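Remember, it's a predicted structure, so these values are computed and weren't measured experimentally. Just so you know, ligand 1 is whichever comes first in the structure, and atom 1 is the first atom listed for that ligand.
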Amino acid sequence: MSNNMENILRKEEFDFKDIVALLQAEGEDQKLLFAKAQEVQLKYVGKKVYYRGLVEFSNVCEKNCFYCGIRKDNKKVDRYNLNDEEVLEAARYAHVNKYASLVLQSGERSDVHFINRVDKLLKKIKEITHGELGITISLGEQSDETYAQWFQSGAHRYLLRIETTNEVLYKQIHPNNDIHDFENRLRCLKAIKKIGYQAGTGVMVGLPWQTFEDLARDLLFMKEMDIDMCGMGPYIEHHETPLFGNKDILWPRQTRFSVTLNMIAVLRILMKNINIAAATALQAIDPMGREKALRVGANVIMPNITPSSHRKDYQLYENKPCIDEGADDCGDCLSLRIEMAGREVGLGEWGDSKHFLKRKK
Ligand code: SAH
Ligand code: SF4
């Protein structure tokens with residue numbers, strides 16, 4: 001088997017079958033894959049890891065994705081909305097601690113009040129940080145006009161996971177209606193790119209019914225879309241969701257974890273200079289999950305700087321780490337862990353996707 005793995009890894013370009021084989025790597029084969037990914041990482045993006053302070057500013061959501069703990073119909077969630085001052089305080093924290101970038105994430109809403117509020121926050125964050133803090137947003141599906149408006153107001157990166165590129169699977173994990181439409185998600189991703197954002201996408205790994213072939217197609221989709229950033233994490237079942245009923249057909253958690261690392265490693269080899277995030281969900285399975293991802297291709301990490309009082313209410317999945325910690329604990333424990341993974345924190349640098357910078361030239 002290893003012989004075969006070595007042959008694949010020596011190729012300039014992988015075909016579909018190669019990717020399927022790489023994603024299944026275990027044991028010695030997996031070590032070879034990781035070594036190659038690490039080599040590409042060090043050569044093309046270096047040792048640096050960039051922080052994006054994550055602010056989960058509201059768990060109010062209009063949608064009902066079958067996998068997500070904060071879906072609209074989960075009545076057991078205490079809904080919250082941070083006030084402006086709390087969001088700005090988190091932005092100041094990120095700025096003072098030289099995080100260089102902030103990620104604003106929330107449940108999905110598309111009412112005018114929400115759109116204008118985000119707009120106002122973006123302008124205000126730019127103002128109080130003298131334009132120094134980079135802003136990524138992850139606010140779901142919106143109209144082209146809204147994406148353009150938020151871009152104008154200071155957001156320069158957008159994260160919208162495609163979740164899975166298998167349309168049949170997409171339908172199985174979402175309600176069948178207009179606000180959960182695969183085509184619309186694609187439209188959004190294209191609009192985000194066209195408007196000029198650094199575009200990020202990603203998938204969940206280990207969804208019920210998902211196959212290695214699906215995952216290989218997901219990676220090829222990212223390459224074809226020529227994305228700038230990616231965040232992929234294991235799917236983790238949540239009791240209060242419809243998909244929980246399918247937990248018996250899931251891969252064991254360790255497999256979901258291991259295949260997620262393979263996805264990151266293969267993507268790093270396929271798209272050498274993009275930014276890849278070490279998703280927090282990795283840490284819900286393995287306490288050193290994110291550090292392991294940093295060793296095999298990931299170069300971005302998103303310390304949670306949401307005020308602690310609300311963290312417990314933003315549980316997309318169960319076993320979410322750090323929900324009791326204050327922002328400080330997270331920052332400190334992280335930098336240590338990053339050094340342990342043989343990486344350096346790129347403090348005070350935006351750490352834009354090199355892929356994006358090259359694409360713009
Ligand atoms: N509402 C926005 C942003 C918040 S959700 C959106 O949906 O785009 C952010 C991500 O959390 C989703 O893209 C999804 O991939 C992930 N997520 C949701 N539920 C999850 C679960 N049970 N396990 C792992 N990841 C999950
Ligand atoms: Fe809402 Fe996003 Fe969760 Fe879907 S994944 S229910 S859009 S927060």
Side-chain angles (χ1 to χ4, degrees), residues 52 54-77 79-81 103-110 114 118 136-142 146-147 150 155 157-165 169-170 173-175 177-182 184-186 188-189 192 197 199-208 210 215 218 222 229-247 250-251 253 256-257 259-260 263 277-285 289-290 302 304 306 313-321:
R52 314 282 183 236
L54 175 63
V55 187
E56 300 158 332
F57 71 88
S58 170
N59 64 356
V60 178
C61 186
E62 286 168 355
K63 289 174 72 174
N64 258 316
C65 306
F66 290 157
Y67 42 85
C68 177
I70 64 167
R71 63 200 298 275
K72 184 179 178 190
D73 287 353
N74 183 3
K75 304 291 181 226
K76 294 198 177 158
V77 174
R79 302 288 163 175
Y80 72 87
N81 211 337
V103 181
L104 291 181
Q105 191 181 74
S106 73
E108 190 173 310
R109 279 176 60 182
S110 48
F114 179 78
V118 170
T136 306
I137 48 180
S138 176
L139 306 171
E141 294 170 41
Q142 303 289 343
T146 302
Y147 286 140
W150 288 343
R157 308 188 187 108
Y158 205 104
L159 295 176
L160 184 74
R161 287 185 176 178
I162 193 74
E163 316 295 1
T164 172
T165 57
L169 178 56
Y170 194 90
I173 63 171
H174 293 99
N177 60 30
D178 286 353
I179 60 166
H180 298 87
D181 178 50
F182 181 77
N184 193 53
R185 205 145 180 105
L186 265 185
C188 288
L189 208 50
I192 286 164
Y197 287 96
T201 192
V203 295
M204 282 176 283
V205 180
L207 287 162
Q210 195 177 39
L215 293 169
D218 292 341
M222 293 177 205
M229 320 180 291
C230 179
M232 295 182 284
Y235 161 66
I236 299 173
E237 64 278 26
H238 187 297
H239 269 87
E240 302 301 328
T241 61
L243 221 51
F244 191 76
N246 302 94
K247 67 175 189 330
L250 294 174
W251 291 341
R253 284 194 174 188
R256 283 176 256 162
F257 178 83
V259 177
T260 303
M263 286 285 281
T280 312
L282 285 164
Q283 207 189 337
I285 298 185
R290 288 179 304 179
M302 292 156 63
N304 194 334
T306 307
D313 299 319
Y314 198 87
Q315 295 214 52
L316 308 173
Y317 46 85
E318 284 166 4
N319 211 11
K320 196 173 164 202

* Just checking, any donor-acceptor pair under 3.5 angstrom between side chains of Tyr314 and Gln105? ->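 The answer is yes; a qualifying pair exists.
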* Asked: Between the side chains of His239 and Glu318, does any donor sit under 3.5 Å from an acceptor?
  ->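 Result is yes, a qualifying pair exists.
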Starting from [atom], find the nearest protein heavy-atom neighbour and note its residue, name and distance.
atom                    : result
atom 16 (C) of ligand 1 : Arg161 NH1, 3.7 Å
atom 25 (N) of ligand 1 : Met204 SD, 3.6 Å
atom 13 (O) of ligand 1 : Glu163 OE2, 2.5 Å
atom 5 (S) of ligand 1  : Leu316 CD1, 4.0 Å

Does ligand 1 come near enough to [X] that some N or O of the ligand is less than 3.5 Å from an N or O of the residue?
X      : result
Tyr235 : no
Ile236 : yes
His238 : no

* Heavy-atom proximity to atom 1 (N) of ligand 1, best of Gly140, Ser58, Ser106 ->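 Nearest option to atom 1 (N) of ligand 1, by heavy atoms: Ser106.
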* Winner among Arg109, Glu62, Arg185, Gln105 once heavy atoms are compared against atom 7 (O) of ligand 1 ->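 Result: the heavy atom closest to atom 7 (O) of ligand 1 is in Arg185.
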Donor-acceptor check, side chain of [X] to backbone of [Y], threshold 3.5 angstrom: yes or no?
X      : Y      : answer
Glu56  : Leu104 : no
Thr260 : Val205 : no
Tyr80  : Phe57  : no
Tyr67  : Leu207 : no

Using a 4.0 Å heavy-atom threshold (strictly under), name the region of [X] that reaches ligand 1: side chain, backbone, both or neither.
X      : result
Pro234 : backbone
Glu237 : neither
Cys68  : both
Phe66  : neither

* To do: Check ligand 1 against Ser138 and write out every atom of the ligand that is under 4.0 Å from a heavy-atom position of the residue.
  =>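 Selected atoms, number and element: 3 (C).
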* With Glu108, which residues qualify under salt bridge (Lys or Arg N to Asp or Glu O under 4.0 Å), at least two apart? ->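 Here the qualifying residues are Lys63.
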* For Asn177, check side-chain contact (heavy atoms from CB on, under 4.5 Å) against everything at least two apart and list the hits. =>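 Per chain and number, Asn177 pairs via side-chain contact (heavy atoms from CB on, under 4.5 Å) with Pro175, Ile179, His180.
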* **Pairing of Glu237 and Lys247 as salt bridge, 4.0 angstrom limit** =>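 No, this pair does not count.
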* Answer with yes or no whether Tyr158 contacts ligand 1, where contact means a heavy atom under 4.0 Å from a ligand atom. =>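 False for this residue.
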* To do: Please report the number of protein N, O or S atoms that lie less than 2.8 Å from atom 3 (Fe) of ligand 2.
  =>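 For atom 3 (Fe) of ligand 2, the figure is 1.
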* To do: Tell me, with the steps shown, if Asn184 and Glu141 meet side chain to side chain donor-acceptor pair (under 3.5 Å).
  => CA-CA 8 Å; Asn184 193 53; Glu141 294 170 41; 2.8 Å; yes
* **Partners meeting ring pair (Phe, Tyr, Trp, His ring centres under 6.0 Å) with Tyr317 (sequence neighbours left out)** =>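 If we apply the ring pair (Phe, Tyr, Trp, His ring centres under 6.0 Å) test to Tyr317, skipping adjacent residues, there are no hits.
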* Walk me through it: do Thr241 and Cys68 pass the test side chain to side chain contact (heavy atoms under 4.5 Å, CB included)? => CA-CA 7 Å; Thr241 61; Cys68 177; 5.6 Å; no
